[in-house]
Number of protein chains: 2
Amino acid sequence: MHSREKSVLHQYIKRFQLKRSKRRDLILEVFLNTRRHVSNEELYLLVKQRDPSIGLTTVYRTLKLLKECGLARELQSYEGVILYEHDYKADHHDHLICTVCGGVLEFFSRDIEKAQEKIVRKYKFKPLHHSHRIFGVCEKCQNRTVPEDERLQSKTISIKQTTHS
Amino acid sequence: MHSREKSVLHQYIKRFQLKRSKRRDLILEVFLNTRRHVSNEELYLLVKQRDPSIGLTTVYRTLKLLKECGLARELQSYEGVILYEHDYKADHHDHLICTVCGGVLEFFSRDIEKAQEKIVRKYKFKPLHHSHRIFGVCEKCQNRTVPEDERLQSKTISIKQTTHS
DNA sequence: CTCTCTGCAAATCTTTTGCAGTCCT
DNA sequence: AGGACTGCAAAAGATTTGCAGAGAG
(Lines give C-alpha, C1' and ligand atoms only; values in the text may rest on other atoms or scores of the structure.)
Protein backbone atom coordinates (compact mmCIF):
# COMPACT_ATOMS: atom_id res chain seq x y z
CA MET A 1 0.00 0.00 0.00
CA HIS A 2 1.34 3.41 -1.08
CA SER A 3 4.68 1.83 -1.90
CA ARG A 4 5.54 4.42 -4.50
CA GLU A 5 5.06 7.28 -2.07
CA LYS A 6 6.95 5.51 0.69
CA SER A 7 9.84 4.96 -1.65
CA VAL A 8 9.84 8.64 -2.64
CA LEU A 9 10.04 9.61 1.01
CA HIS A 10 12.75 7.09 1.83
CA GLN A 11 14.87 8.08 -1.11
CA TYR A 12 14.57 11.69 -0.09
CA ILE A 13 15.60 10.80 3.44
CA LYS A 14 18.58 8.83 2.21
CA ARG A 15 19.67 11.54 -0.15
CA PHE A 16 19.86 14.16 2.52
CA GLN A 17 21.18 11.88 5.22
CA LEU A 18 18.12 12.23 7.33
CA LYS A 19 16.77 9.29 9.29
CA ARG A 20 13.77 7.08 8.82
CA SER A 21 11.30 6.76 11.63
CA LYS A 22 8.13 4.89 12.45
CA ARG A 23 6.31 8.15 13.01
CA ARG A 24 7.08 9.61 9.63
CA ASP A 25 5.93 6.44 7.94
CA LEU A 26 2.74 6.45 9.96
CA ILE A 27 2.01 10.11 9.23
CA LEU A 28 2.59 9.56 5.53
CA GLU A 29 0.27 6.59 5.48
CA VAL A 30 -2.52 8.33 7.33
CA PHE A 31 -2.08 11.37 5.09
CA LEU A 32 -2.41 9.29 1.93
CA ASN A 33 -5.52 7.64 3.28
CA THR A 34 -7.31 10.94 3.73
CA ARG A 35 -9.92 11.84 1.19
CA ARG A 36 -8.64 15.17 0.04
CA HIS A 37 -7.63 18.18 2.10
CA VAL A 38 -6.32 18.14 5.64
CA SER A 39 -4.90 20.70 7.98
CA ASN A 40 -2.05 19.93 10.33
CA GLU A 41 -4.50 19.77 13.20
CA GLU A 42 -6.86 17.39 11.41
CA LEU A 43 -4.05 15.09 10.41
CA TYR A 44 -2.72 15.20 13.94
CA LEU A 45 -6.05 14.00 15.31
CA LEU A 46 -6.20 11.18 12.79
CA VAL A 47 -2.65 10.07 13.47
CA LYS A 48 -3.23 10.26 17.20
CA GLN A 49 -5.90 7.59 16.88
CA ARG A 50 -3.21 5.19 15.75
CA ASP A 51 -0.43 6.38 18.01
CA PRO A 52 -1.58 8.53 20.91
CA SER A 53 1.97 9.37 21.92
CA ILE A 54 2.56 11.47 18.83
CA GLY A 55 2.91 15.24 19.10
CA LEU A 56 1.40 17.98 16.96
CA THR A 57 4.87 19.35 16.32
CA THR A 58 5.92 16.16 14.60
CA VAL A 59 2.96 16.36 12.26
CA TYR A 60 3.91 19.92 11.35
CA ARG A 61 7.49 18.90 10.72
CA THR A 62 6.60 15.80 8.75
CA LEU A 63 4.08 17.58 6.55
CA LYS A 64 6.75 20.12 5.77
CA LEU A 65 9.07 17.27 4.85
CA LEU A 66 6.42 15.71 2.64
CA LYS A 67 6.02 19.03 0.92
CA GLU A 68 9.75 19.19 0.30
CA CYS A 69 9.81 15.82 -1.36
CA GLY A 70 6.75 16.56 -3.46
CA LEU A 71 4.26 14.21 -1.82
CA ALA A 72 2.14 16.96 -0.32
CA ARG A 73 1.30 20.45 -1.40
CA GLU A 74 -0.34 23.43 0.17
CA LEU A 75 -3.80 24.43 -0.81
CA GLN A 76 -6.00 27.44 -0.50
CA SER A 77 -7.47 27.80 2.89
CA TYR A 78 -10.50 29.93 3.55
CA GLU A 79 -9.58 30.63 7.12
CA GLY A 80 -5.91 31.27 7.40
CA VAL A 81 -5.15 27.64 8.09
CA ILE A 82 -2.82 25.81 5.75
CA LEU A 83 -4.38 22.76 4.13
CA TYR A 84 -2.48 19.98 2.41
CA GLU A 85 -3.47 17.64 -0.38
CA HIS A 86 -1.86 14.70 -2.16
CA ASP A 87 -2.44 13.29 -5.62
CA TYR A 88 -5.78 11.69 -5.97
CA LYS A 89 -5.53 10.67 -9.55
CA ALA A 90 -8.65 8.64 -10.05
CA ASP A 91 -10.74 11.60 -9.17
CA HIS A 92 -9.86 14.69 -11.13
CA HIS A 93 -12.29 17.55 -11.59
CA ASP A 94 -12.50 21.30 -11.31
CA HIS A 95 -14.80 23.52 -9.29
CA LEU A 96 -17.60 26.02 -9.65
CA ILE A 97 -17.80 27.77 -6.30
CA CYS A 98 -20.84 29.79 -5.33
CA THR A 99 -19.85 32.91 -3.43
CA VAL A 100 -23.35 33.29 -1.99
CA CYS A 101 -24.15 29.90 -0.51
CA GLY A 102 -20.64 28.51 -0.55
CA GLY A 103 -21.74 25.44 -2.50
CA VAL A 104 -19.28 23.62 -4.73
CA LEU A 105 -20.18 22.07 -8.06
CA GLU A 106 -17.65 19.79 -9.64
CA PHE A 107 -17.14 19.69 -13.37
CA PHE A 108 -14.84 18.12 -15.88
CA SER A 109 -14.17 19.56 -19.32
CA ARG A 110 -12.24 17.72 -21.95
CA ASP A 111 -11.90 21.00 -23.86
CA ILE A 112 -10.18 22.65 -20.96
CA GLU A 113 -7.87 19.71 -20.43
CA LYS A 114 -6.93 19.83 -24.12
CA ALA A 115 -6.37 23.56 -24.12
CA GLN A 116 -4.12 23.08 -21.12
CA GLU A 117 -2.01 20.56 -22.96
CA LYS A 118 -1.55 23.09 -25.72
CA ILE A 119 -0.43 25.82 -23.34
CA VAL A 120 1.92 23.50 -21.55
CA ARG A 121 3.51 22.39 -24.81
CA LYS A 122 3.95 25.97 -25.89
CA TYR A 123 5.87 26.86 -22.75
CA LYS A 124 7.72 23.52 -22.56
CA PHE A 125 6.30 23.18 -19.08
CA LYS A 126 6.07 19.76 -17.41
CA PRO A 127 2.70 19.77 -15.61
CA LEU A 128 2.17 17.87 -12.38
CA HIS A 129 -1.34 18.93 -11.41
CA HIS A 130 -3.62 21.93 -11.62
CA SER A 131 -6.34 23.76 -9.84
CA HIS A 132 -9.13 25.49 -11.69
CA ARG A 133 -11.85 27.31 -9.85
CA ILE A 134 -14.62 29.48 -11.20
CA PHE A 135 -16.27 31.72 -8.61
CA GLY A 136 -19.74 33.11 -9.08
CA VAL A 137 -23.39 32.64 -8.24
CA CYS A 138 -25.10 29.28 -8.66
CA GLU A 139 -28.48 28.80 -10.27
CA LYS A 140 -30.30 28.40 -6.98
CA CYS A 141 -28.88 31.58 -5.50
CA GLN A 142 -29.63 33.60 -8.63
CA ASN A 143 -33.28 32.77 -8.17
CA ARG A 144 -33.56 33.15 -4.47
CA THR A 145 -34.06 36.50 -2.78
CA VAL A 146 -31.60 36.96 0.00
CA PRO A 147 -33.48 38.00 3.16
CA GLU A 148 -32.83 41.66 3.73
CA ASP A 149 -31.33 41.17 7.13
CA GLU A 150 -29.06 38.24 6.46
CA ARG A 151 -25.49 39.34 6.51
CA LEU A 152 -23.19 36.76 5.08
CA GLN A 153 -20.62 36.93 7.81
CA SER A 154 -20.49 33.20 8.22
CA LYS A 155 -19.95 32.57 4.54
CA THR A 156 -16.45 31.25 4.80
CA ILE A 157 -17.59 28.68 7.30
CA SER A 158 -20.16 27.21 4.99
CA ILE A 159 -17.61 27.14 2.18
CA LYS A 160 -15.32 25.21 4.41
CA GLN A 161 -18.03 22.71 5.25
CA THR A 162 -18.78 21.97 1.64
CA THR A 163 -15.24 21.94 0.32
CA HIS A 164 -14.89 18.22 0.77
CA SER A 165 -18.19 17.25 -0.76
CA MET B 1 -12.66 57.24 -8.94
CA HIS B 2 -13.90 53.76 -7.97
CA SER B 3 -17.43 55.08 -7.80
CA ARG B 4 -18.99 51.73 -8.58
CA GLU B 5 -17.20 50.04 -5.72
CA LYS B 6 -17.95 52.87 -3.31
CA SER B 7 -21.59 52.62 -4.18
CA VAL B 8 -21.57 48.86 -3.60
CA LEU B 9 -20.11 49.41 -0.16
CA HIS B 10 -22.50 52.21 0.71
CA GLN B 11 -25.53 50.28 -0.39
CA TYR B 12 -24.40 47.33 1.68
CA ILE B 13 -23.95 49.60 4.68
CA LYS B 14 -27.37 51.11 4.21
CA ARG B 15 -29.03 47.78 3.76
CA PHE B 16 -27.79 46.42 7.04
CA GLN B 17 -28.09 49.66 8.95
CA LEU B 18 -24.42 49.99 9.50
CA LYS B 19 -22.73 53.38 9.41
CA ARG B 20 -20.49 55.02 6.88
CA SER B 21 -17.14 56.28 7.99
CA LYS B 22 -14.15 58.13 6.60
CA ARG B 23 -11.93 55.24 7.52
CA ARG B 24 -13.83 52.62 5.61
CA ASP B 25 -13.88 54.79 2.53
CA LEU B 26 -10.17 55.38 2.82
CA ILE B 27 -9.39 51.71 3.30
CA LEU B 28 -11.53 50.77 0.31
CA GLU B 29 -9.81 53.35 -1.85
CA VAL B 30 -6.32 52.31 -0.89
CA PHE B 31 -7.28 48.67 -1.37
CA LEU B 32 -8.55 49.33 -4.89
CA ASN B 33 -5.41 51.23 -5.78
CA THR B 34 -3.30 48.28 -4.82
CA ARG B 35 -1.78 46.30 -7.65
CA ARG B 36 -2.99 42.81 -6.84
CA HIS B 37 -2.72 40.87 -3.60
CA VAL B 38 -2.42 42.41 -0.16
CA SER B 39 -2.41 41.05 3.34
CA ASN B 40 -4.10 42.85 6.19
CA GLU B 41 -0.72 43.98 7.42
CA GLU B 42 0.39 45.32 4.03
CA LEU B 43 -2.83 47.21 3.54
CA TYR B 44 -2.54 48.58 7.05
CA LEU B 45 0.88 50.00 6.30
CA LEU B 46 -0.37 51.59 3.09
CA VAL B 47 -3.40 53.10 4.74
CA LYS B 48 -1.30 54.36 7.62
CA GLN B 49 0.65 56.51 5.20
CA ARG B 50 -2.53 58.44 4.52
CA ASP B 51 -3.95 58.40 8.02
CA PRO B 52 -1.43 57.48 10.71
CA SER B 53 -4.10 57.34 13.38
CA ILE B 54 -5.70 54.24 11.89
CA GLY B 55 -5.44 50.91 13.70
CA LEU B 56 -4.66 47.45 12.36
CA THR B 57 -7.89 46.16 13.83
CA THR B 58 -9.93 48.49 11.66
CA VAL B 59 -8.22 47.20 8.55
CA TYR B 60 -9.05 43.64 9.56
CA ARG B 61 -12.65 44.54 10.20
CA THR B 62 -13.03 46.56 7.02
CA LEU B 63 -11.47 43.93 4.82
CA LYS B 64 -13.91 41.43 6.29
CA LEU B 65 -16.72 43.84 5.46
CA LEU B 66 -15.44 44.25 1.91
CA LYS B 67 -15.41 40.50 1.58
CA GLU B 68 -19.00 40.33 2.75
CA CYS B 69 -20.15 42.78 0.14
CA GLY B 70 -18.18 41.09 -2.61
CA LEU B 71 -15.55 43.75 -3.23
CA ALA B 72 -12.68 41.69 -1.87
CA ARG B 73 -11.97 38.01 -1.81
CA GLU B 74 -9.50 35.79 -0.10
CA LEU B 75 -6.65 34.30 -1.99
CA GLN B 76 -4.22 31.50 -1.56
CA SER B 77 -1.45 32.33 0.80
CA TYR B 78 1.73 30.31 0.89
CA GLU B 79 2.47 31.12 4.47
CA GLY B 80 -0.64 30.99 6.56
CA VAL B 81 -1.39 34.65 5.95
CA ILE B 82 -4.66 35.61 4.32
CA LEU B 83 -4.27 37.68 1.18
CA TYR B 84 -7.02 39.70 -0.48
CA GLU B 85 -7.57 40.71 -4.07
CA HIS B 86 -10.11 42.78 -5.94
CA ASP B 87 -11.18 42.72 -9.57
CA TYR B 88 -8.50 43.87 -11.87
CA LYS B 89 -10.32 43.47 -15.10
CA ALA B 90 -7.89 44.88 -17.58
CA ASP B 91 -5.34 42.35 -16.60
CA HIS B 92 -6.65 38.82 -16.65
CA HIS B 93 -4.39 35.82 -17.05
CA ASP B 94 -3.75 32.43 -15.55
CA HIS B 95 -0.62 30.91 -14.05
CA LEU B 96 1.95 28.22 -14.67
CA ILE B 97 3.72 27.78 -11.35
CA CYS B 98 7.06 26.01 -11.14
CA THR B 99 7.25 23.88 -8.02
CA VAL B 100 11.05 23.76 -8.19
CA CYS B 101 12.11 27.39 -8.54
CA GLY B 102 8.80 28.95 -7.55
CA GLY B 103 8.70 30.99 -10.74
CA VAL B 104 5.37 32.09 -12.17
CA LEU B 105 4.62 32.24 -15.89
CA GLU B 106 1.46 34.01 -16.92
CA PHE B 107 -0.61 32.79 -19.83
CA PHE B 108 -3.89 33.52 -21.50
CA SER B 109 -5.83 30.99 -23.53
CA ARG B 110 -8.86 31.91 -25.56
CA ASP B 111 -9.69 28.19 -25.81
CA ILE B 112 -9.87 27.87 -22.06
CA GLU B 113 -11.98 30.98 -21.69
CA LYS B 114 -14.37 29.62 -24.31
CA ALA B 115 -14.57 26.21 -22.70
CA GLN B 116 -15.36 27.93 -19.44
CA GLU B 117 -18.24 29.79 -20.97
CA LYS B 118 -19.63 26.50 -22.14
CA ILE B 119 -19.40 24.93 -18.69
CA VAL B 120 -20.93 27.93 -17.04
CA ARG B 121 -23.86 27.92 -19.46
CA LYS B 122 -24.41 24.24 -18.87
CA TYR B 123 -24.71 24.71 -15.12
CA LYS B 124 -26.56 28.06 -15.38
CA PHE B 125 -23.81 29.49 -13.23
CA LYS B 126 -23.17 33.25 -13.19
CA PRO B 127 -19.37 33.59 -13.14
CA LEU B 128 -17.65 36.46 -11.37
CA HIS B 129 -14.01 35.52 -11.69
CA HIS B 130 -11.81 32.47 -11.75
CA SER B 131 -8.44 31.17 -10.79
CA HIS B 132 -6.59 28.66 -12.89
CA ARG B 133 -3.20 27.41 -11.88
CA ILE B 134 -1.09 24.67 -13.42
CA PHE B 135 1.69 23.39 -11.19
CA GLY B 136 4.74 21.65 -12.60
CA VAL B 137 8.35 22.10 -13.64
CA CYS B 138 9.38 24.94 -15.91
CA GLU B 139 11.70 24.56 -18.88
CA LYS B 140 14.72 25.96 -17.08
CA CYS B 141 14.34 23.64 -14.11
CA GLN B 142 13.85 20.60 -16.30
CA ASN B 143 17.25 21.22 -17.82
CA ARG B 144 19.12 22.16 -14.72
CA THR B 145 20.52 19.53 -12.40
CA VAL B 146 19.51 20.21 -8.86
CA PRO B 147 22.63 20.09 -6.71
CA GLU B 148 22.60 16.84 -4.80
CA ASP B 149 22.70 18.48 -1.41
CA GLU B 150 20.18 21.26 -1.87
CA ARG B 151 17.09 20.75 0.18
CA LEU B 152 14.22 22.90 -0.92
CA GLN B 153 13.16 24.00 2.53
CA SER B 154 12.85 27.60 1.52
CA LYS B 155 10.66 26.91 -1.47
CA THR B 156 7.54 28.59 -0.19
CA ILE B 157 9.44 31.77 0.41
CA SER B 158 10.63 32.04 -3.16
CA ILE B 159 7.12 31.38 -4.40
CA LYS B 160 5.92 34.25 -2.32
CA GLN B 161 8.53 36.58 -3.69
CA THR B 162 7.58 35.93 -7.29
CA THR B 163 3.83 35.85 -6.87
CA HIS B 164 3.47 39.51 -7.64
CA SER B 165 5.64 39.60 -10.73
C1' DC C 1 -29.82 60.06 21.90
C1' DT C 2 -28.81 55.53 20.31
C1' DC C 3 -26.21 52.35 18.20
C1' DT C 4 -22.11 51.63 15.35
C1' DC C 5 -17.20 52.33 14.65
C1' DT C 6 -12.54 52.66 16.37
C1' DG C 7 -8.02 52.06 18.82
C1' DC C 8 -5.90 49.78 22.31
C1' DA C 9 -4.67 45.97 24.94
C1' DA C 10 -5.62 41.40 25.96
C1' DA C 11 -7.03 36.97 24.38
C1' DT C 12 -7.03 33.31 21.04
C1' DC C 13 -5.38 30.49 17.52
C1' DT C 14 -1.88 28.65 14.37
C1' DT C 15 2.77 27.63 13.53
C1' DT C 16 7.72 27.62 14.85
C1' DT C 17 11.68 27.03 17.89
C1' DG C 18 14.77 25.62 21.90
C1' DC C 19 15.94 22.00 24.62
C1' DA C 20 16.66 17.57 26.75
C1' DG C 21 15.93 12.90 25.99
C1' DT C 22 15.27 9.03 22.48
C1' DC C 23 15.95 6.61 18.28
C1' DC C 24 18.35 5.37 13.97
C1' DT C 25 22.52 4.03 11.48
C1' DA D 1 29.04 7.31 19.31
C1' DG D 2 27.09 10.90 16.57
C1' DG D 3 23.62 13.14 14.59
C1' DA D 4 18.74 13.22 13.50
C1' DC D 5 14.01 12.83 15.47
C1' DT D 6 10.52 13.79 19.03
C1' DG D 7 7.52 15.78 22.70
C1' DC D 8 6.95 19.48 25.57
C1' DA D 9 6.75 24.05 26.74
C1' DA D 10 7.72 28.52 25.38
C1' DA D 11 7.93 31.85 21.65
C1' DA D 12 6.43 34.08 17.66
C1' DG D 13 2.97 35.54 14.35
C1' DA D 14 -1.68 36.34 12.78
C1' DT D 15 -6.36 37.33 13.83
C1' DT D 16 -10.22 38.25 17.01
C1' DT D 17 -12.52 40.19 20.99
C1' DG D 18 -13.78 43.27 25.07
C1' DC D 19 -14.11 47.72 26.37
C1' DA D 20 -14.45 52.67 26.76
C1' DG D 21 -14.62 56.67 24.11
C1' DA D 22 -15.60 58.95 19.42
C1' DG D 23 -18.58 59.45 15.57
C1' DA D 24 -22.77 58.84 12.42
C1' DG D 25 -27.68 59.11 11.70
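Naming: A, B, ... by sequence-line order, numbering from 1 per chain. Small disclaimer: the values here were computed from a predicted structure and weren't measured.
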Could you please spell out the steps behind the side-chain contact (heavy atoms from CB on, under 4.5 Å) verdict for A/Ser21 and A/Arg24? CA-CA 5 Å; A/Ser21 81; A/Arg24 285 179 173 168; 3.5 Å; yes
Cationic N near anionic O, under 4.0 Å, A/Asp51 to A/Arg23: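 Salt bridge between A/Asp51 and A/Arg23, a charged N being under 4.0 Å from a carboxylate O: yes.
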Lys/Arg-Asp/Glu bridge criterion (N-O < 4.0 Å) met for A/Glu29, A/Arg50: yes
Which whole-number value in Å describes the distance from [X] [atom1] to [N] [atom2]?
| X | N | atom1 | atom2 | value |
| --- | --- | --- | --- | --- |
| A/Leu56 | C/dT14 | CG | C1' | 9 Å |
| A/Lys48 | D/dT6 | NZ | P | 14 Å |
| B/Ile54 | D/dG23 | CD1 | P | 13 Å |
| A/Asn40 | D/dT6 | CG | P | 14 Å |
| A/Ile27 | D/dC5 | CD1 | P | 12 Å |
| B/Asp25 | D/dA24 | CG | P | 11 Å |
| A/Tyr60 | D/dG13 | OH | C1' | 12 Å |
| A/Arg61 | C/dT16 | CZ | P | 10 Å |

Across the strands shown, which category fits B/Glu41 at heavy-atom distances under 4.0 angstrom: base, sugar-phosphate, nothing? nothing
What is the nucleic acid contact for B/Ser39, judged by heavy atoms within less than 4.0 Å: base, sugar-phosphate only, or nothing? nothing
A/His132-B/His130 aromatic ring centre distance below 6.0 Å: yes
When the aromatic ring centroids of A/Phe31 and A/His86 are compared, is their separation below 6.0 Å?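 Centroid separation for A/Phe31 and A/His86: below 6.0 Å.
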Do B/Lys19 side-chain and D/dA24 base share a donor-acceptor contact under 3.5 Å?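 Indeed, a donor on one side and an acceptor on the other fall under 3.5 Å apart.
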Taking 4.0 Å as the cut-off, does a side-chain nitrogen or oxygen of A/Thr57 come that near to OP1 or OP2 on C/dT15? no
Under 4.0 Å between a side-chain N or O of B/Lys22 and OP1 or OP2 of D/dA24?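 Checking D/dA24 against B/Lys22, no side-chain N or O comes under 4.0 Å of OP1 or OP2.
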Would you mind telling me which residue lines up with the more 5' stretch of DNA chain C, A/Arg20 or B/Asp51, judged by nearest nucleotide?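 Mapping each residue to its closest nucleotide by heavy atoms, the 5'-most match is B/Asp51.
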Closest to the A/Arg24 side chain: C/dT25, D/dT6, D/dT15? D/dT6
